[in-house]
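Worksheet: the structure to be examined is printed underneath.
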Amino acid sequence: MNRRQMLAATAAAVTIGLTASASWAADKKIGGEINVLSWGNYIDFALPAFEEKYGTKVNIDYYADEKEAMNKIRAAGPGTYDVVFLGVGYEEVARKQQLIDALDVSKLENFKDMYAPFQKPKADGTHVHVTYSWGANGLIAYDPAKTGGPIKSWKDVYSGKFKGRIGKIDKANEQAYRTVFQAGFEYGELNDEQWQTIAKTLETDMPHVRTVYQHYDEMAQLLAAGEIWIADTDDGGFRQARAKGLNIELAYPEEGFIAWYDGPCLVSQAPHPEAAYALIDHMISPEVQAQLGYAPANQKAVALMDPALKASLGVDQAEANLSRVQFQRSLGAAYEAKATEVWQKAKAQVQ
């Protein structure tokens, strides 16, 4: 199950009468319709309240991945779609291809309540999306009963105390940025000397590693069996493992971590711009954000969350570490090729 499937399932499970109540009373009805492109059903739970509030019918079209979404926009032509939900990095691609427009965030009443990192514009000063959902990656899962105490950093992981009890995920890009932080570099493009340091650091780390796993279900199995005590994870993988009854803890490494995000964008030449802005604002409202299967991007949502959901999502821990986040972005084909080369060589040490 990928992160969007988990989000959709969690949102569906916890939605309890998300309707246009008195607190959501609309100042005015917009009417008409709006045409939206989204993945799966991960926003569907929030649409009835929007339709009731604004008297606007949502016509939703689904896509399998962001490349299909952008192809649908191109094939339909200008003036067809209003809003498209895109994952991390794809909003930049869509903007370069003139498929989406910059957003006027002054038209979004709820934008001011987003956590500060989610209010930051792009390097050119524009906003081309708002964050609907997000999650942290490059994290550490560990069994405190086995480690004898908390793990706080990659320095702790590779201290030598846990040799042969560490698991790593088989994802080249993720291993690259984990090691970037471990080596004391900033997340982003790397020069040749920095790549050499990354390769050397991995070469030093890998003798401590017991196994390399393909997915987080396998991670959970290895932790449950006691084969590994410490593992690479993201927040979603950790929650899946905890849901299976594992008594494990989560660490946001002191050296740094990154986060992904998904969010709505305004399609170029949107035929219903007023409704488009209303929908975007609706999706980042506290009421909708409180229902998500991930920590909210709107800080006012926290007070509205079901306590059990809030605890299961680790919202307090995520909130405490949010000021340190660096957001994932596309670093290009050359970076991905080099990351694959370096990781494949390192991985061979435990195969």
Side-chain angles (χ1 to χ4, degrees), residues 2-8 36-40 42-43 62-74 81 83-103 105 114-115 117-139 169 171-181 185-190 195 198 232 234-237 256-268 280 283-284 292 294-295 297 322 324-340 342-343:
N2 64 32
R3 67 173 185 262
R4 283 173 169 166
Q5 289 171 321
M6 286 191 295
L7 189 152
V36 179
L37 264 172
S38 177
W39 180 92
Y42 89 129
I43 68 168
Y62 299 105
Y63 61 79
D65 57 39
E66 278 82 359
K67 291 181 180 178
E68 182 185 354
M70 290 187 284
N71 285 336
K72 280 178 174 280
I73 294 172
R74 281 189 288 265
Y81 290 107
V83 174
V84 59
F85 283 73
L86 296 175
V88 58
Y90 284 100
E91 82 284 5
E92 297 177 0
V93 175
R95 179 64 170 147
K96 288 178 182 178
Q97 295 180 8
Q98 300 182 334
L99 299 176
I100 60 174
D101 289 336
L103 285 166
V105 294
M114 305 290 277
Y115 286 103
F118 302 119
Q119 294 191 38
K120 291 181 180 179
K122 298 292 185 184
D124 64 0
T126 64
H127 295 271
V128 295
H129 87 291
V130 292
T131 299
Y132 167 64
S133 62
W134 72 280
N137 208 336
L139 308 183
I169 187 75
K171 295 182 179 180
N173 278 354
E174 292 191 18
Q175 293 304 336
Y177 62 66
R178 282 180 170 86
T179 315
V180 159
F181 292 129
F185 300 144
E186 288 291 315
Y187 171 69
E189 296 181 4
L190 303 173
W195 275 118
I198 297 303
D232 294 343
D234 60 19
D235 52 1
F257 65 97
I258 70 167
W260 57 265
Y261 54 79
D262 290 328
C265 307
L266 180 67
V267 179
S268 293
I280 292 170
M283 301 311 296
I284 62 172
L292 296 182
Y294 286 89
L322 192 51
R324 301 193 295 119
V325 71
Q326 295 187 48
F327 288 107
Q328 186 178 341
R329 61 187 187 275
S330 175
L331 297 175
Y335 180 98
E336 292 183 5
K338 188 65 177 179
T340 299
V342 169
W343 173 237

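Values reported hereafter were calculated over all heavy atoms of this structure, with side chains retained and with hydrogens, waters and symmetry mates removed.
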* Asked: What distance separates Lys338 NZ from Leu190 CG, expressed to the nearest 0.5 Å?
  -> 10.5 Å

* Looking at CG of Asp65 and OH of Tyr90, how far apart are the two atoms once the value is rounded to the nearest 0.5 Å? -> 6.5 Å

* Hey, does the side chain of Asn137 reach the backbone of Ile258 with a donor-acceptor pair shorter than 3.5 angstrom? -> no

* Do any N or O atoms from the side chain of Ser330 and from the backbone of Gly89 form a donor-acceptor pair under 3.5 angstrom? -> no

* Kindly give the heavy-atom pair with the smallest separation between Ile169 and Asp232, and that separation in Å. => N-OD2, 3.2 Å

* Beyond-backbone contact of Gln326 with Tyr177, side-chain heavy atoms, under 4.5 angstrom -> no

* Is a donor on one side and an acceptor on the other found under 3.5 Å between the side chain of Trp39 and the backbone of Ala64? -> yes

* To do: Give the ring-plane orientation class for Trp195 versus Tyr335, where under 30° counts as parallel, over 60° as perpendicular and anything between as tilted.
  => tilted

* Asked: Does Ser133 reach the side chain of Trp260, with side-chain heavy atoms less than 4.5 Å apart?
  -> yes

* **Among Arg329, Lys122, Gln97, side chain to side chain donor-acceptor pair (under 3.5 Å) partner for Glu92** => Lys122

* Checking Glu68 side chain against Glu66 main chain: does a donor-acceptor pair fall under 3.5 Å? -> no

* Structure fact -> Nearest heavy-atom approach of His129 to Cys265 is CB-SG, 3.6 Å

* Check whether the ring centres of Phe118 and Tyr261 lie less than 6.0 Å apart, and answer yes or no. => no

* Structure fact -> Tightest non-hydrogen contact, residues Val267 and Asp101, listed as O-OD2, 4.1 Å

* Asked: Under 3.5 Å, is there a donor-acceptor pair between the side chain of Gln119 and the main chain of Met114?
  -> yes

* Asked: So, Trp134 side chain and Ala295 main chain: donor-acceptor pair closer than 3.5 Å or not?
  -> yes

* Spatial distance of atom CG (Leu37) from atom CD1 (Ile43) [nearest 0.5 Å] -> 9.5 Å

* Structure fact -> Taken to the nearest 0.5 Å, the spacing of Thr131 OG1 from Tyr115 OH works out to 13.0 Å

* What's the shortest heavy-atom distance between Pro264 and Val83, and which atoms? -> CB-CG1, 3.8 Å

* Asked: If you take all heavy atoms of Leu99 and Ile73, which pair is closest and at what distance?
  -> CD2-CG2, 4.0 Å

* Structure fact -> So CG of Leu86 and OH of Tyr63: to nearest 0.5 Å the spacing works out to 5.5 Å

* To do: Mind checking the CG-CD spacing from Leu103 to Glu91? Nearest 0.5 Å is all I need.
  => 10.5 Å

* Smallest separation among heavy atoms of Asp262 and Gly87, with atom names -> OD1-CA, 3.1 Å

* Asked: Do Phe85 and Val36 come within less than 4.5 Å of each other through their side chains, counting heavy atoms only?
  -> yes

